[in-house]
Amino acid sequence: MEFFTHLEEILRLKLPEEKCQAFKAFYSSYLSDHMYMDHSLSSVVFDEPSYTGYCQLVSPTVVLKRKKLDTDRGKAIFLHAIAHIEYAAIDLAMDAAYRFKNMPKAFYDDWLSVANDEVRHFELLQQRLRDVGSYYGDLPVHNALFEAAYRTPILHERMAVVPRYLEANGLDVTPMMIDKLKQLESDSKAQKMIEALELILKEECDHVFKGDVWFKYACDQAGLEYECYFDIIEAHYPGSFPRKKQLNVKARQAAGFSCGELKRMNGEIECS
């Protein structure tokens, strides 16, 4: 089985269940060394996300707001938004392994491991959606994560934007989401949602760390200073730093961010 050809086939799959099952079979074969890599193959640039036609795509500005978590409808909106992030992240992790050729084997090990985690996260959130009478594809979604990948075909930019910016932002906001759910002490559905988010938070920290490792690797290979991170983020997301929003300093440092970087993001934080 040729690695890149088969991974491209999975990336093209439209149905979530089909994609998840195909990836799990692929990953099992990869771990068993039942495939080879032809690095001479060119990578396709996908011009639309794989969930086009399965989900209704809308602008991020009109996606339903996450509120009223004490109702099943409110929980469904909340869970669907998170499930969409995790589903898009499956493609993003696979695309990293598919797109960037001639990398050390550890690179492919890392991003397939991330994709495997994202599949598990998505399937867990699908269970929580069923708890409240919903499912992935039931509500409109945006394609902001796909656009981020589309705009970053160069390795150091991809690693800066996807794991080190977008996923790292999740390290900041997920604890706040958990705190909101903890206010619903007698709500068993909310407690199951908390368990899911706590698992995701823990494993997303590792994903950001992997992104940090390969961002720095790519910078070293290109002769770039690590501070180029801020130029990249400013180019794609102008005005992102400095910010007033709270940073999860402990998680970000565990994921590879230096104290100097964190102070540049928010000069009011304390770190060492």
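Just so it is clear, the values below take in all heavy atoms, side chains as well, and ignore hydrogens, waters and symmetry mates.
- Taken from CG in Leu7 to CD in Glu9, the straight-line distance is 9.5 Å, to the nearest 0.5 Å.
- Atom OG in Ser186 sits 8.5 Å away from atom CD in Gln191 (nearest 0.5 Å).
- Checking each of Arg99, Arg158, His236 against Thr152 for a side-chain hydrogen bond (donor to acceptor under 3.5 Å, both in side chains) leaves exactly one that passes, namely Arg158.
- In this structure the side chain of Phe100 never reaches within 4.5 angstrom of the side chain of Pro153, judged on heavy atoms.
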Show, in sequence, the C-alpha distance, side-chain angles and deciding distance for Ser113 and Tyr108, and conclude whether the side-chain contact (heavy atoms from CB on, under 4.5 Å) test is met. CA-CA 8 Å; Ser113 173; Tyr108 304 104; over 6 Å; no

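- Using modelled atom types, one finds a donor on one side chain and an acceptor on the other under 3.5 Å when comparing Glu118 with His207.
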For salt bridge (Lys or Arg N to Asp or Glu O under 4.0 Å), just list the numbers for Lys216 and Asp220, CA-CA rounded to whole Å, side-chain angles, deciding distance to a tenth of an Å, and then say yes or no. CA-CA 6 Å; Lys216 290 170 180 173; Asp220 291 343; over 6 Å; no

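- Ion pairing of Arg128 with Glu123 is absent here, as no side-chain N (NZ or NE/NH1/NH2) approaches a carboxylate O to less than 4.0 Å.
- Cation-pi geometry between Arg164 and Phe230 is not satisfied (NZ or CZ under 6.0 Å from the ring centre, within 45° of the ring normal).
- Residues Lys75 and Met193 are in side-chain contact: their nearest non-hydrogen atoms beyond the backbone lie under 4.5 Å apart.
- A heavy-atom distance below 4.5 Å is found between the side chains of Phe4 and His39.
- Among residues two or more places apart in sequence or in another chain, the side chain to side chain donor-acceptor pair (under 3.5 Å) test is passed with Lys101 by Ser43.
- Atom CD1 of Ile200 is separated from atom CZ of Arg120 by 9.5 Å, given to the nearest 0.5 angstrom.
- In summary, the side chains of Tyr136 and His80 do not present any donor paired with an acceptor at a separation below 3.5 Å, with no hydrogens or angles considered.
- Taking 4.5 Å as the limit, some side-chain heavy atom of Pro104 sits within range of a side-chain heavy atom of Tyr217.
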Decide disulfide bond (SG atoms under 2.5 Å apart) for Cys259 and Cys271; before the verdict, give the C-alpha distance in whole Å, the side-chain angles of both, and the deciding distance to 0.1 Å. CA-CA 6 Å; Cys259 184; Cys271 61; 2.0 Å; yes

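- A donor-acceptor pair under 3.5 Å is absent between the side-chain atoms of Ser28 and the main chain of Lys24, judged by distance alone.
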side-chain contact (heavy atoms from CB on, under 4.5 Å) evaluation trace for Phe46 with Asp95: CA-CA 10 Å; Phe46 302 103; Asp95 188 77; 3.9 Å; yes

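- When atom types are taken as modelled, the side chain of Glu2 and the backbone of Thr5 share a donor-acceptor pair closer than 3.5 angstrom.
- A 4.5 Å side-chain heavy-atom check between Pro16 and Ile90 finds every atom pair outside the cut-off.
- Hydrophobic cluster membership is shared by Phe23 and Met1, with clusters built from Ile, Leu, Val, Met, Phe, Trp and Tyr side chains linked at under 4.5 angstrom.
- Nearest heavy-atom pair across Lys105 and Tyr30 is NZ-OH, 3.8 Å.
- No donor-acceptor pair closer than 3.5 Å links the side chain of Gln127 to the backbone N or O of Leu124.
- Residues Ala148 and Leu166 come closest through the heavy atom pair CB-CD1, 3.6 Å.
- One side chain, Tyr165 or Ser240, offers a donor N or O that lies under 3.5 Å from an acceptor on the other.
- Counting heavy atoms from C-beta on, the side chains of Leu79 and Ile82 never come closer than 4.5 Å.
- Separation of atoms CD (Glu204) and CD1 (Ile85) is listed at 9.0 Å; rounding is to 0.5 Å.
- The two residues Ala22 and Ile10 have their closest heavy-atom pair at O-CD1, 3.7 Å.
- In the hydrophobic clustering of ILVMFWY residues, with side-chain heavy atoms under 4.5 Å counting as a link, Tyr36 and Phe107 come out apart.
- Looking only at side-chain heavy atoms (C-beta outward), Asn266 and Pro242 stay at 4.5 Å or farther from each other.
- Between the side chain of Glu234 and the backbone N or O of Gly239, at least one donor-acceptor pair lies under 3.5 Å.
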Assess the residue pair Phe26 and Phe3 against the criterion (ring-ring contact (aromatic ring centres under 6.0 Å, His included)); give the C-alpha distance rounded to whole Å, side-chain angles, the decisive distance to 0.1 Å, and a yes or no. CA-CA 9 Å; Phe26 171 88; Phe3 179 89; 5.5 Å; yes

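- Looking at Glu198 and Lys202, no side-chain N of the basic residue comes within less than 4.0 Å of a carboxylate O on the acidic one, giving no salt bridge.
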Gln183 vs Leu69, side-chain contact (heavy atoms from CB on, under 4.5 Å): CA-CA, chis, key distance, verdict: CA-CA 10 Å; Gln183 297 174 19; Leu69 293 177; over 6 Å; no

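- The same ILVMFWY cluster, assembled from side-chain heavy atoms under 4.5 Å apart, contains both Val44 and Met103.
- Residues Met94 and Tyr54 fall within the same hydrophobic cluster, defined by Ile, Leu, Val, Met, Phe, Trp and Tyr side chains chained together at heavy-atom separations under 4.5 Å.
- Between the side chains of Tyr150 and Asn143, no donor-acceptor pair is found at a separation under 3.5 Å.
- A donor atom on one side chain and an acceptor atom on the other are found under 3.5 Å apart for Tyr98 and Glu8.
- Ion pairing of Glu268 with Lys263 is absent here, as no side-chain N (NZ or NE/NH1/NH2) approaches a carboxylate O to less than 4.0 Å.
- Here His121 and Tyr87 keep their ring centres 6.0 angstrom or further from each other.
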Check against side-chain contact (heavy atoms from CB on, under 4.5 Å), Glu86 and Val119: CA-CA 8 Å; Glu86 298 301 315; Val119 166; over 6 Å; no

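- Side-chain contact between Gln56 and Val141 is absent, with no heavy atoms from C-beta onward closer than 4.5 Å.
- Annotation: the span from Leu262 atom CG to Ile269 atom CD1 amounts to 4.5 Å, rounded to 0.5 Å.
- Using a cutoff of 4.0 Å between basic side-chain nitrogens and carboxylate oxygens, Asp172 and Arg252 are scored as salt-bridged.
- Taking every heavy atom of both residues into account, Asp212 and Ala255 meet most closely at CB-O, 3.3 Å.
- Residues Val208 and Val213 share a hydrophobic cluster, clusters being chains of Ile/Leu/Val/Met/Phe/Trp/Tyr side chains in contact below 4.5 Å.
- How far CE of Met37 is from CG of Asn102: 10.0 Å, rounded to the nearest 0.5 Å.
- Residue Pro163 comes nearest to Gly211 through the heavy atom pair CG-CA, 3.5 Å, listed as atom of the first residue, atom of the second, then distance.
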ring-ring contact (aromatic ring centres under 6.0 Å, His included) evaluation trace for His156 with Tyr229: CA-CA 9 Å; His156 71 276; Tyr229 170 76; over 10 Å; no

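- Atom CZ of Phe209 has 12 or fewer neighbouring heavy atoms from other residues, nucleotides or ligands inside a 6.0 Å radius.
- In this structure, Pro175 and Leu201 approach most closely via the heavy-atom pair CG-CD2, 4.0 Å.
- The main-chain N or O of Gly170 is found under 3.5 Å from a side-chain atom of Thr174 such that the two form a donor-acceptor pair.
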